[in-house]
Amino acid sequence: MQSLLRFFKVLANESRLKMLGILASRECSVEELATLLQLKEPTVSHHLNKLKELNLVKMHPEGNTHLYQLDGEALQGK
């Protein structure tokens, strides 16, 4: 029950829902998400960390940049 409550608390944030929508269609860096959502980069990083804690997004490095995308497998219940 606690994990379900935590899941809904994380998704109760408008910015995180918007991020998931963007990341469902393409990979983005923190900088790109900040621009698209008109948020500061540290705020985007904070939201991404919350989403990563629930394994809703995954990250991979590309050069000096970290790219994030929705983890579709996590939504299917692996």
Side-chain angles (χ1 to χ4, degrees):
M1 187 65 165
Q2 288 299 319
S3 61
L4 189 60
L5 181 61
R6 190 169 153 234
F7 176 82
F8 284 114
K9 280 184 178 181
V10 168
L11 293 183
N13 180 281
E14 182 181 355
S15 294
R16 288 193 278 263
L17 284 175
K18 287 179 181 178
M19 275 184 205
L20 286 178
I22 293 167
L23 296 175
S25 63
R26 65 182 179 126
E27 292 181 327
C28 284
S29 66
V30 170
E31 296 81 11
E32 290 171 316
L33 286 169
T35 300
L36 290 169
L37 297 169
Q38 298 180 341
L39 297 172
K40 296 182 188 268
E41 290 179 21
T43 302
V44 170
S45 292
H46 169 77
H47 289 309
L48 285 169
N49 283 331
K50 294 286 186 184
L51 296 170
K52 284 192 307 187
E53 286 175 10
L54 294 178
N55 298 315
L56 292 174
V57 296
K58 55 186 174 181
M59 181 275 297
H60 74 275
E62 190 169 290
N64 291 332
T65 303
H66 293 121
L67 294 176
Y68 294 85
Q69 67 185 57
L70 178 70
D71 188 346
E73 290 180 20
L75 293 176
Q76 295 174 7
K78 289 188 196 180

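Predicted model, so just to flag it, every value in this text is computed and none were measured.
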Quiz item: Would you say the side chain of Lys9 lies within less than 4.5 Å of the side chain of Lys50, judging by non-hydrogen atoms?
Solution: no
Self-check item: Separation of His66 NE2 from Glu27 CD (nearest 0.5 Å)
Solution: 12.5 Å
Practice problem: Check salt bridge (Lys or Arg N to Asp or Glu O under 4.0 Å) between Glu14 and all other residues, then give those that pass, not counting sequence neighbours. | Solution: Lys18
Quiz item: Once you round to the nearest 0.5 Å, how far does CG of Leu23 lie from CD of Glu32?
Solution: 10.0 Å
Quiz item: Counting distance only, does the side-chain N/O of Arg16 pair as donor-acceptor with the main-chain N or O of Leu51 below 3.5 Å?
Solution: no
Quiz item: Would you say the side chain of Leu56 lies within less than 4.5 Å of the side chain of Leu11, judging by non-hydrogen atoms?
Solution: yes
Quiz item: Does any non-hydrogen side-chain atom of Asn49 lie less than 4.5 Å from one of Lys52?
Solution: yes
Self-check item: Which atom of Leu37 lies closest to which atom of Ser15, heavy atoms considered
Solution: CD1-O, 4.3 Å
Practice problem: Decide whether Leu48 and Leu67 are clustered together by the hydrophobic rule: side chain heavy atoms of Ile, Leu, Val, Met, Phe, Trp, Tyr closer than 4.5 Å, transitively. | Solution: no
Exercise. Please round to the nearest 0.5 Å and tell me the distance separating atom CG of Leu54 and atom CZ of Phe8.
Key: 11.0 Å
Practice problem: For Cys28 and Leu36, work out which heavy atoms get closest and say how close. | Solution: SG-CD1, 4.2 Å
Quiz prompt | Leu33 side chain near Leu39 side chain, heavy-atom distance below 4.5 Å | solution = no
Quiz item: Which atom names give the shortest non-hydrogen contact between Glu41 and Ala34, and what distance separates them?
Solution: CG-CB, 3.8 Å
Exercise. Test side chain to side chain contact (heavy atoms under 4.5 Å, CB included) on Leu20 and Val57 and set out the steps.
Key: CA-CA 8 Å; Leu20 286 178; Val57 296; 3.9 Å; yes
Quiz prompt | Close side-chain approach of Glu53 and Val10, heavy atoms under 4.5 Å | solution = no
Quiz item: Nearest heavy-atom pair of Tyr68 and Val30: which atoms, and what distance?
Solution: CE1-CG2, 3.8 Å
Practice problem: Would you kindly confirm whether Leu5 and Leu17 end up in one hydrophobic cluster when ILVMFWY residues are joined by side chain heavy atoms under 4.5 Å apart? | Solution: no
